[in-house]
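In this chain, numbering begins with 1 at the start of the sequence shown. Counting starts at 1 for both ligands and their atoms, in listed order.
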Amino acid sequence: MLYHLLYPLHEYHTVFNVFRYITFRSIYAVITALIIGLVMAPLVIQWLRARDIGERIREDGPKSHFSKKGTPTMGGIIIITALVIPTLLWADILNSYVWVALVATLLFGAIGLHDDYTKLKGIRNGISARAKMGYQLGAAFLVVGMVYVIKGGDPQVTTVSIPFFKNLTPDLGLFYIPFAMLVIVGCANAVNLTDGLDGLAIGPIFIAFLTYVILCYTGGHAKFAQYLGIPFVGELSELTVFCAAVVGASLGFLWYNFYPAMIFMGNVGSTALGGALGAVAVLSKQEVILLVIGGVFVAEALSVMLQVLWFKSTGKRVFRMAPLHHHFEHLGWPEPQVIVRFWIVSVVLALLSLSTLKLR
Ligand code: 57M
C-alpha cells in the first residue's frame, strides 16, 4: 500500500525512490511484523489467560509435557496478524501472487482456527480427520485454481523444476493440479505434526521462509533467474515481501514460544504457516526443493507414516514414539536439545537447498 501511496512522491523528492526497491520494503516488512508480534503477544497471552484458554495435555505423551498444561494456545492469530498487516503495507497490493499467498494463509488459518475452537469447546478432539482433509483439499484447489486463472495458458505453470538439473523441467500437464495440492496440503499437515515442542515448528518456518525470500527475489528478477538457471516468474518479486513478513512474524512469535513457551501457536498457526509455505513453493515454481528446505517437516511426517505402517503390519514400533521429536525425548534428550538440534538441521538443509542454485 505504501508503495502506491509514497513512491509516486519521488517526482517531488528523490527520497521516495526507496519505496520502489523490493529489498527496502522487505526489510521493513520484517521489522513491522516483528514489532506487531512483540507488542501483540503479551496482550493476547493476557487475554487468553483471563479466559482460561489453555492447552490440554495428553496423558500418553512424555511426562515432561504435563507441566505445559494450561499454556495459552491459538497464538497463530498473532502470527497471522503480524504477517498480513506488513504484507498489505509494504508489498505492491496490485500483485496477484501476494493475494494468492494471503488467501492460502487465511484459508488454512481458518481451518486451523475451526479445529482449535472445536477442541476448546470440548466437541470431540477437534474436527474429524476426514472433514479437515476435505476443507484442506478444497482450500488447496482454490489456491491452485487462482494460479491457473492468473497465469492463463502459460505452459510454465504445469512444469516442475528439478534441483541439480537445469534442463530437466517435466511438464505434468493436468497432473500438476493434484501435485500442487499435495504440496500445499502435505506441507500444512507436516508443519502441524512438527509443532510439538517449544519453538520446534516456528524455528524451521523462519529458516524456510528466509530461504524463500532468496528464491523469490532471484526468481522474480529476470537477470538473476537467467544467471542461476531457475524459472523466472515476473510476479515473484513482490512475494519476497510476503516471505519477509513471515520471517518477521516468526521471529516475533519465537520470542514468546521459545522454551519455556509462554504461548503455543495452535492449529490456527501451524496450519496457516504450513499452507502458506506450500503455496509459496508452488508460486515460486520451487516445489521439489521444498522437500529439502522443509526437510525437518518431511522427516516428522515420514516418521508418523512409517510408525503407523510398521505397527499395523508387524505390531512393532520403529520409533519409541512418533512424530520424530517424541522419539528423541524418549531417548532422554532434554527438550531444548531436541529443538536446537532440529534448528541446526534446518539451517544445514536450507544451505544445501541454496547450493543447488549453483550446482546445476
Ligand atoms: C499436533 N499437537 C501437539 C499446540 C500446538 C497421527 C498422530 C501422529 C497425530 C499426532 C498429532 O495429534 N499431531 C497434531 C500435535 C500439542 O500441541 C498443540 O497442537 C498445536 C499444533 N497443532 O500449537 O496447541 C502438544 O505439543 C506440545 N507443544 C509444545 N510446545 C509448542 O510450542 O510443547 C506444542 C507446541 C502440546 C504440547 O505438549 O499439548 C501434540 O503433540 O499433541 N499425534 C501425536 O503427536 C501423538 N503421537 C502418537 O500418538 N504416536 C503414535 C502413532 C499414532 C504414530 C506412536 O508413536 O505410536 C503424541 N502426542 C502427544 N502425546 N502429545 C502422543 C503423545
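- Atom 45 (O) of ligand 1 has its closest protein heavy atom at Pro323 CD, 3.1 Å.
- For the side chain to side chain donor-acceptor pair (under 3.5 Å) condition, the pairs that include at least one residue of residues 31-43, sequence neighbours left out, are Thr32-Trp90.
- No side-chain donor-acceptor contact under 3.5 Å links Asn192 and Thr271.
- Residue contacts with ligand 1 do not include Ala261, since none of its heavy atoms lies under 4.0 Å from the ligand.
- Under 4.0 angstrom from ligand 1, there are no non-hydrogen atoms of Thr271.
- Taking any N or O of Pro62, backbone or side chain, none lies under 3.5 Å from an N or O belonging to ligand 1.
- Counting protein heavy atoms only, atom 1 (C) of ligand 1 is closest to Asn192 O, 3.6 Å.
- Judged purely by atom type and a 3.5 angstrom limit, Arg320 has no side-chain atom pairing as donor or acceptor with the backbone of His326.
- The residue Met74 has no part lying near ligand 1, judged by heavy-atom distances below 4.0 Å.
- Here Glu55 has side-chain heavy atoms under 4.0 Å from ligand 1, and that is the only part of it that gets that close.
- Between Gly266 and ligand 1, an N or O atom pair is found at a separation short of 3.5 Å.
- Within the 4.0 angstrom cut-off, atom 40 (C) of ligand 1 has no protein heavy-atom neighbours.
- Residue Arg320 has no nitrogen or oxygen atom sitting less than 3.5 Å from a nitrogen or oxygen atom of ligand 1, judged on distance alone.
- Outside the 6.0 Å centre-distance limit, the rings of Phe16 and Tyr7 are not counted as a close aromatic pair.
- Considering backbone and side-chain atoms alike, Arg317 places an N or O below 3.5 Å from some N or O of ligand 1.
- Ligand 1 has an N or O atom lying under 3.5 Å from an N or O atom of Ala322, backbone or side chain.
- For Glu287, the salt bridge (Lys or Arg N to Asp or Glu O under 4.0 Å) partners at least two apart in sequence or on another chain are Lys285.
- To the nearest 0.5 Å, atom CD1 of residue Ile36 and atom OG1 of residue Thr81 are 8.0 Å apart.
- Note on ring orientation: taking the six-membered ring where Trp is involved, the planes of Tyr176 and Tyr148 are tilted (angle from 30° to 60°).
- Classification of the Phe209-Phe242 ring pair by plane angle, with boundaries at 30° and 60°, yields perpendicular.
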